[in-house]
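One structure follows; several queries about it will come next.
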Amino acid sequence: MPVNIFHTATRKKETFKPVNDGMVGIYVCGITAYDICHIGHARAAVVFDVVVRHLRARGYRVTYVKNFTDIDDKIIDRAKKEGVAFTDISERFIKFHNDDMAALGVETPTITPKATEHMDDMIALIGVLVEKGFAYAVDGDVYFAVDKFHQYGRLSGRNLDEMLAGARVDVNDKKKNPMDFALWKASKEGEPFWESPWGKGRPGWHIECSAMSRRYLGETFDIHGGGEDLIFPHHENEIAQSQAATGKPLANFWMHNGFVKINSEKMSKSLGNIFPIREILKNYHPEVLRLFMLQSHYRSPVDYSTDSLNESRAGLIRCYAALQQIKEIPEVSAGNDETSTGVKDYIDKITEAVENFDAALDDDFNTARGLGYVFEVVRLVNNSAIAGKNAATESKAAVFREAKKAFEHFGAILGIFRDDPDQFFANDKKMECGKRGLNMAEIEDLIKGRQEARIARNWEKADEIRNRLAALHVLLKDSKEGTTWSIE
RNA sequence: GGCGGCAUAGCCAAGUGGCUAAGGCAGCGGUCUGCAAAACCGUUAUUCUCCGGUUCAAAUCCGGAUGCCGCCUCCA
């Protein structure tokens, strides 16, 4: 089954064909390290994490490059404000980023290059552009001349005249054309700088990606990704720089993930609605956040709210309850009962769900559809557990074994189901109690009291205690083994 | 002003020409249970914002209207 990918430049799904058979080179624009990562960064990271995981599962050898912008105006500003070196800022936030990504279960990319470590590559590339007449130097700045590159605007579907008509471009009389963008900026007094043929300065924002993708993935590679806000101007400019220099296409597929909105509003500093990843993870299991993101297609906008996160939590709980059921598979010699019709039926359905899941991912990484099949297996597990209550343990084990395999597969692609089910529920309880300021020991005491009342068949008292707990959103579950509880 | 996207049940969300319009959350009825919870079974959109058109056939294609959103400035 081929993988189909929506290509931003053509606005169509196209069959993926790698430059080199069996290999994939993918470059994703990472963060500018000047602040804590928020939920928007989380989405981009999770989306491309799943893209890479699925391509690997499909047998491709993937080289995944995600850069750090560690020199930039915003980093310099913050360093000035704090009175520290710019490297203090970039290093601090790269570390925070790495911690957040690890917490989210995002696999580390193959290569995570930093802009400051590729100055020579950038300067060389700018040199080529000047030499070929695509760029010009003015007073220590170097600008790319957009009208020299005739394909400018092709990725984002714009043309220069239209953009100039709307014209909210910055005033800068050094530029020949207002749409020209900086490849190199002369440094001001007291700012960090690197030596270059044009004097002391630092690179423009876009050039680092052109230089680093070329170094690690070659002149033309397979997939270039990022948030949809990067389509213009960042990716447009990358294309201009790279293709002007090499005369070859930069990437064959451009993928862009949609934005995270907050309660239907754009996330922005002025609205004060920026949610750092680490804040959210204080209150929710990281997989809740992943599930929330993956329940929508990666190109659609996603609307973050406490309610929607709670819904995802409920869904994840449903999955983990099924995982808990199949955690202990009875040890039996396989074979005996596996051919009985009921068992075969379940196994066939699970196999089919896994195939459908893979097909959904092949279709432009449709995780939302894929999750439908995950929940189908959840239902099959619960269903077979009931139907097989009195069945031979061999039958049950056969179905559970198949389901376990399926969940391992789903989890490996989506980056969820990595927790032990008992651990998951214990953790969930602790988190929810913390959120609501509930005392776990007190709850346990009340439950103990109810248990005594139940043994004495004092249903009235038992129910009274349960109602009291219910008012605190504590939900009880009685079983033969005893009473367990969770937070609603 | 220019470019683009979206509109599917109470909510979230797949589906882009043809089997009964996935799935999750919430609700309702039933089974189970001392009663519950969980789980299971059943149920909740004769219809996909509206109006026209193409077609044997449209949520799906085309045209128009309305509403919402994004980009054009740093941004995942």
Side-chain angles (χ1 to χ4, degrees), chain A residues 8 11 13 28-32 34-35 37-48 66 72-74 77 153 156-159 161-170 179 205 225-234 236 256-261 264-269 274 291-292 295-297 299-303 305 307-308 310-319 321-322 324-325 356 360 363 366-376 378-379 381-387 389 454 457-460 462-463 466-467 470 474-479 483-486 488:
Chain A
T8 301
R11 298 202 179 81
K13 282 184 204 169
V28 174
C29 292
I31 58 155
T32 299
Y34 77 106
D35 210 343
C37 286
H38 53 66
I39 183 169
H41 298 112
R43 185 176 195 198
V46 168
V47 163
F48 288 102
K66 181 177 160 182
D72 164 273
D73 289 357
K74 291 187 295 277
D77 285 349
S156 53
R158 304 156 197 254
N159 68 59
D161 298 337
E162 278 166 0
M163 281 188 278
L164 286 172
R168 274 198 296 166
V169 282
D170 60 41
M179 297 306 296
W205 173 36
E228 66 179 2
D229 55 320
L230 297 180
I231 298 171
F232 190 90
H234 183 54
E236 198 69 69
H256 294 94
N257 65 274
F259 259 43
V260 177
K261 295 192 299 175
S264 314
E265 283 179 319
K266 185 181 168 161
M267 178 166 54
S268 76
K269 292 214 160 146
I274 300 208
L291 186 65
F292 164 69
Q295 270 172 322
S296 301
H297 186 88
R299 278 187 279 117
S300 320
V302 95
D303 198 356
S305 68
D307 283 351
S308 44
N310 284 335
E311 279 183 18
S312 297
R313 170 179 170 251
L316 192 63
I317 285 173
R318 181 169 156 79
C319 293
Q324 197 168 35
Q325 281 205 84
N356 286 333
D363 185 13
N366 195 331
T367 54
R369 203 205 302 162
L371 278 164
Y373 299 110
V374 172
F375 282 101
E376 199 169 302
V378 168
R379 204 181 57 248
V381 164
N382 291 331
N383 200 315
S384 77
I386 288 182
K389 220 174 202 167
R454 288 185 75 220
R457 306 202 137 247
N458 185 348
W459 305 127
E460 217 170 289
D463 289 351
R466 187 177 53 203
N467 289 339
V474 177
L475 215 60
L476 302 184
K477 191 168 157 188
D478 298 327
S479 74
T483 299
T484 58
W485 61 282
S486 59
E488 205 174 4

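Since we're looking at a predicted model, the values are computed, not measured. The chains referred to below are lettered A, B, ... by the order of the sequence lines, with proteins before strands, and numbering in each begins at 1.
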*Centroid under 5.5 Å and tilt under 30°, A:Phe375 to B:G23*: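 It does not: the two rings, one from A:Phe375 and one from B:G23, miss the stacking criterion.
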Protein-nucleotides 35-39 of chain B N/O pairs under 3.5 Å:
| from | atom 1 | to | atom 2 | distance (Å) |
| --- | --- | --- | --- | --- |
| B:C35 | O2 | A:Arg466 | NH1 | 3.0 |
| B:C35 | O2 | A:Arg466 | NH2 | 2.2 |
| B:C35 | N3 | A:Arg466 | NH1 | 2.9 |
| B:C35 | N4 | A:Asp478 | OD2 | 3.1 |
| B:A36 | N6 | A:Asp478 | O | 3.2 |
| B:A36 | N1 | A:Asp478 | N | 2.8 |
| B:A39 | O3' | A:Asn382 | ND2 | 3.0 |

*Nearest-Å distance for atom pair CZ/P, residues A:Phe232 and B:G2*: 17 Å
*Quantified in whole Å, what is the C1' atom distance between nucleotide B:C51 and nucleotide B:A7?*
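My reading of the C1' atoms in B:C51 and B:A7 gives 15 Å.
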*May I ask you to say what A:Gly40 touches in the nucleic acid, namely base, sugar-phosphate or nothing, with a heavy-atom cut-off under 4.0 Å?*
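Counting heavy atoms under 4.0 Å across all strands, the contact made by A:Gly40 includes a base.
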_Any A:Lys266 side-chain N or O less than 4.0 Å from OP1/OP2 of B:C71_ =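 So the side-chain polar atoms of A:Lys266 do come within 4.0 Å of the phosphate oxygens OP1 or OP2 of B:C71, strictly under.
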*For A:Arg158, which contact category applies under a 4.0 Å heavy-atom criterion: base, sugar-phosphate, or nothing?*
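The residue A:Arg158 makes base contact.
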*Charged N to carboxylate O below 4.0 Å: is that the case for A:Asp77 and A:Lys74?*
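Between A:Lys74 and A:Asp77 there is no salt bridge, as every charged N stays at least 4.0 Å from the carboxylate O atoms.
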Polar atoms only, N or O, under 3.5 Å: list the protein pairs with nucleotides 14-21 of chain B and their distances.
| from | atom 1 | to | atom 2 | distance (Å) |
| --- | --- | --- | --- | --- |
| B:A14 | OP1 | A:His297 | N | 2.7 |
| B:A14 | OP1 | A:Ser300 | OG | 3.3 |
| B:A14 | O3' | A:Asn366 | ND2 | 2.9 |
| B:G15 | OP1 | A:Asn366 | ND2 | 2.6 |

*Of all heavy-atom pairs between A:Phe375 and A:Gly315, which one has the smallest distance, and what is that distance?*
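So the two residues come closest at CE2-O, 3.6 Å.
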_Sugar-phosphate only, base, or nothing, as touched by A:Tyr373 at under 4.0 Å among non-hydrogen atoms_ = nothing
*A:Glu311 side chain: which of B:C25, B:C71, B:A76 is closest?*
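For A:Glu311, the side-chain atoms sit closest to B:C25.
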